[in-house]
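A short worksheet on the structure shown next.
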Amino acid sequence: MSAGINTHGVWAIYRFEMARSLRTIWQSVATPVITTSLYFVVFGGAIGSRINTVGGVGYGSFIVPGLIMLSLLTQSISNASIGIYFPKFTGTVFELLSAPVTAMEMVAGFVGAAATKSIVLGLLILATSALFVPLHVAHPLAMIAFLVLTSVTFSLFGFIIGIWANGFEQLSVVPALLVTPLTFLGGAFYSIDMLPQPWRTISLFNPVVYLISGFRWSFFDKGDVSIGLSLGVTAGFMAACLVAIAAIFRTGWRLKN
Amino acid sequence: MQPILSVRGVSKTYASGHRALDPVDLDIAKGEIFALLGPNGAGKTTLISIICGIVTPSTGTITVMGHDAIHDFRAARSVIGLVPQELSVDMFETVLASVRYSRRLFGKPGHDSYIEQVLRDLSLWDKRNARIRELSGGMKRRVLIAKALSHEPDVLFLDEPTAGVDVALRRDMWKLVHRLRQKGTTIILTTHYIEEAEEMADRVGVIDKGRIVLIEEKTELMKKLGKRQMLISLQEPMAATPADLADWHLTLEDEGHILRYVFDAQAEHTGIPSLLRKLTELGIGFKDLETSKSSLEDIFVDLVERKEQAA
Ligand SMILES: Nc1ncnc2c1ncn2[C@@H]1O[C@H](COP(=O)(O)OP(=O)(O)OP(=O)(O)O)[C@@H](O)[C@H]1O
Ligand SMILES: [Mg+2]
């Protein structure tokens, strides 16, 4: 072990987590491909025939960033939360707790793996979408950066949920009751400019609006809010998650008796 | 010599308010084998879990090879291996992957010849590519031992390593402990079996209701624990023990139906043959003989009572 970082330990956790998903690789690939296709059939076909364009972008293309975000947020949370919840559930967490691994090294392994999966998932949805609608990415680097930032941030959030959860039901409570509604209401399938007041102003209190808007900007060079604001909100949420995780490990909350 | 492990004033009150451990002081010398004995719920697992960083102590400090277990936890934990009491192991992994994972988690690069040796020593090499859920309970315990040994720890904790294992595995375990001792590994184990402590340990600690009631060299303890008794069921009840039997210090029980003889099992002459001859000589008839060891529970009760009287 080098003096500073237990790189072997981080790598071990990362690989362990990746191996866990590889065991269900077909499920992991088929699910996003099928659901994305379904969305295009339903939204692109049925609704898109009524709404032709949003801000000059074809409706089918317009919903791609929102679709990716929807999966990214829920999958990052579920991957990372299961990753840490499962060892707690089976008791194998004893090994992690007794190992010479710091909190941030553990986070790097678990969250790194969950974020990797989300990024792959995002790219998979993007590729599937390209089969249905014309796609042009205006700012590819920004698009990748947003993809990575969002995956990491929501994997961190999922990690916290996994530590907090005391049962399998609780794992899905936050994604189902909070994140999915916020994503649908956050302009995944419409621009908030299309909303009447006061809903437009109320929507600005939904943090997911900033994520989707920023991501959409990287595709079409325009979003509901400025790209700087989008980045700021995402980075702020990420910082909040990191602070929370540091506090959890300092106190041993829900991890140690 | 400086102890390899030093526990000072470590106590634990769980969130439920249950006081599992009163302040404990304990020093373990390098290379020794220490057995911690105690009834269910005595606090053995709690103490081990605190030392290994799984449970947060309410008070006290722990030093491992001179490293504070909290402030310098990386150095302290790197030298510790733990085999937990529960069979907590990832069921979907293969044996080999799981053991490799443990080694890396403890900061060591892969070292396949060492891992192979560990698996061979534990008769797991043939099973290395089997998923852990396919193994029997005893095999799973071996996997946990292999995982704990994977990073070549200087201090090994075995929390009830022989609970629920068959005789063969128990013998294997004892052999393994002796081999590790020869390599200089310090071992702290918990057990409910007195013969296990007898077989393996240099020193024995007895813990009860969260308090260490005794720490002693094994040889000393064995003398104290080595008491056995013989119960003689008489055909005719007696009013008093005959004077001719005074040498054996017998006691009369069950309204004169039973004679109790307490003897030292490790002494060269137990006095049993001569006692039986004497009984025949005196024409005292008996229906049945029964010898028994004082059970571990008796011994704990004894120890605790003695302690309480002393206090
Ligand atoms: N997480 C917990 N919360 C509350 N009480 C606990 C917890 N874990 C253990 N205890 C209590 O602390 C006491 C000591 O438990 P511990 O597991 O250390 O005993 P032990 O000596 O290892 O027993 P055994 O021989 O059964 O393994 C018990 O009374 C137990 O019920
Ligand atoms: Mg125990």
Side-chain angles (χ1 to χ4, degrees), chain A residues 1-25 27 82-110 112-113 163 166 247-257, chain B residues 12-16 18 20 45-46 48-58 67 69 72-94 97-98 100-111 131-133 144 147-148 150-151 153 157 159:
Chain A
M1 192 187 322
S2 65
I5 299 175
N6 181 353
T7 43
H8 291 294
V10 174
W11 189 224
I13 296 172
Y14 183 86
R15 289 215 303 206
F16 178 89
E17 281 298 296
M18 293 308 282
R20 194 169 58 80
S21 336
L22 285 178
R23 284 198 284 266
T24 51
I25 179 80
Q27 205 173 313
I82 282 276
I84 186 70
Y85 178 75
F86 203 63
K88 264 190 1 170
F89 177 73
T90 60
T92 55
V93 73
F94 87 87
E95 195 176 24
L96 287 163
L97 294 177
S98 67
V101 182
T102 64
M104 286 308 146
E105 285 162 356
M106 223 187 277
V107 169
F110 277 104
I163 291 176
N166 274 331
I248 285 171
F249 276 92
R250 206 172 43 247
T251 58
W253 181 73
R254 297 265 166 119
L255 280 176
K256 295 189 190 188
N257 283 307
Chain B
K12 177 67 187 179
T13 306
Y14 280 106
S16 60
H18 181 82
T45 301
T46 301
I48 288 182
S49 301
I50 289 173
I51 298 172
C52 295
I54 297 162
V55 168
T56 316
S58 303
H67 306 290
D72 198 3
F73 76 90
R74 183 138 27 212
R77 291 185 196 169
S78 297
V79 297
I80 293 182
L82 165 66
V83 181
Q85 180 174 2
E86 305 289 334
L87 280 178
S88 311
V89 56
D90 196 291
M91 297 295 167
F92 303 103
E93 278 288 348
T94 67
S98 182
R100 275 197 187 129
Y101 168 82
S102 297
R103 182 175 170 91
R104 294 202 175 102
L105 197 60
F106 277 74
K108 294 248 163 83
H111 182 347
R131 301 247 172 242
I132 293 172
R133 60 156 185 255
L144 280 169
K147 281 164 77 72
S150 68
H151 63 281
F157 287 90
D159 198 354

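Residue numbers begin at 1 in each chain, while the letters A, B, ... track the order of the sequences.
Residue B:Phe73 comes nearest to A:Ala99 through the heavy atom pair CE1-O, 4.5 Å, listed as atom of the first residue, atom of the second, then distance. Across all non-hydrogen atoms, the minimal contact from A:Pro100 to B:Phe106 is CD-CD2, 3.2 Å.
Summarising the geometry, atom OG belonging to A:Ser98 is positioned 5.5 Å from atom CG belonging to B:Leu82; distances are rounded to the nearest 0.5 Å. For the atom pair OG1 of B:Thr56 and CG of A:Leu255, the computed distance is 9.5 Å after rounding to the nearest 0.5 Å. In this structure, CG in A:Asn6 is found 7.5 Å from OG in B:Ser78, a value given to the nearest 0.5 Å. In this structure, NE2 on A:His8 lies 15.0 Å from OH on B:Tyr101, to the nearest 0.5 angstrom. The distance from the SG atom of B:Cys52 to the CD atom of A:Glu95 is 11.5 Å, given to the nearest 0.5 Å. Atom-to-atom distance recorded for B:Met91:CE and A:Thr90:OG1 is 8.0 Å, nearest 0.5 angstrom.
Among B:Lys147, B:Arg103, B:His151, the residue making the largest number of heavy-atom pairs under 4.5 Å with chain A is B:Lys147.
Within residues 15-24 of chain A, the residues having any heavy atom less than 4.5 Å from a heavy atom of chain B are, in residue-number order, A:Arg15, A:Phe16, A:Arg23.
Checked by atom type and distance alone, the side chain of B:Asp90 never pairs as donor or acceptor with a backbone atom of A:Thr92 at under 3.5 Å. Judged by distance alone, with hydrogens and angles left aside, the side-chain atoms of B:Arg104 form no donor-acceptor pair with the main-chain N or O of A:Ile13 at under 3.5 Å. At least one donor-acceptor pair closer than 3.5 Å links the side chain of B:Lys12 to the backbone N or O of A:Asn257. A donor-acceptor contact shorter than 3.5 Å links the side chain of B:Arg74 to the backbone of A:Gly4.
Looking at B:Ile51, there are no atoms closer than 4.5 Å to chain A (heavy atoms on both sides), in backbone or side chain. Both the backbone and the side chain of B:Phe92 come within contact range of chain A, each with at least one heavy atom under 4.5 Å from a heavy atom of that chain. B:Ser102 touches chain A through backbone and side chain together, each having a heavy atom under 4.5 Å away.
More than 12 heavy atoms of other residues, nucleotides or ligands shown are found within 6.0 angstrom of CZ on A:Phe249.
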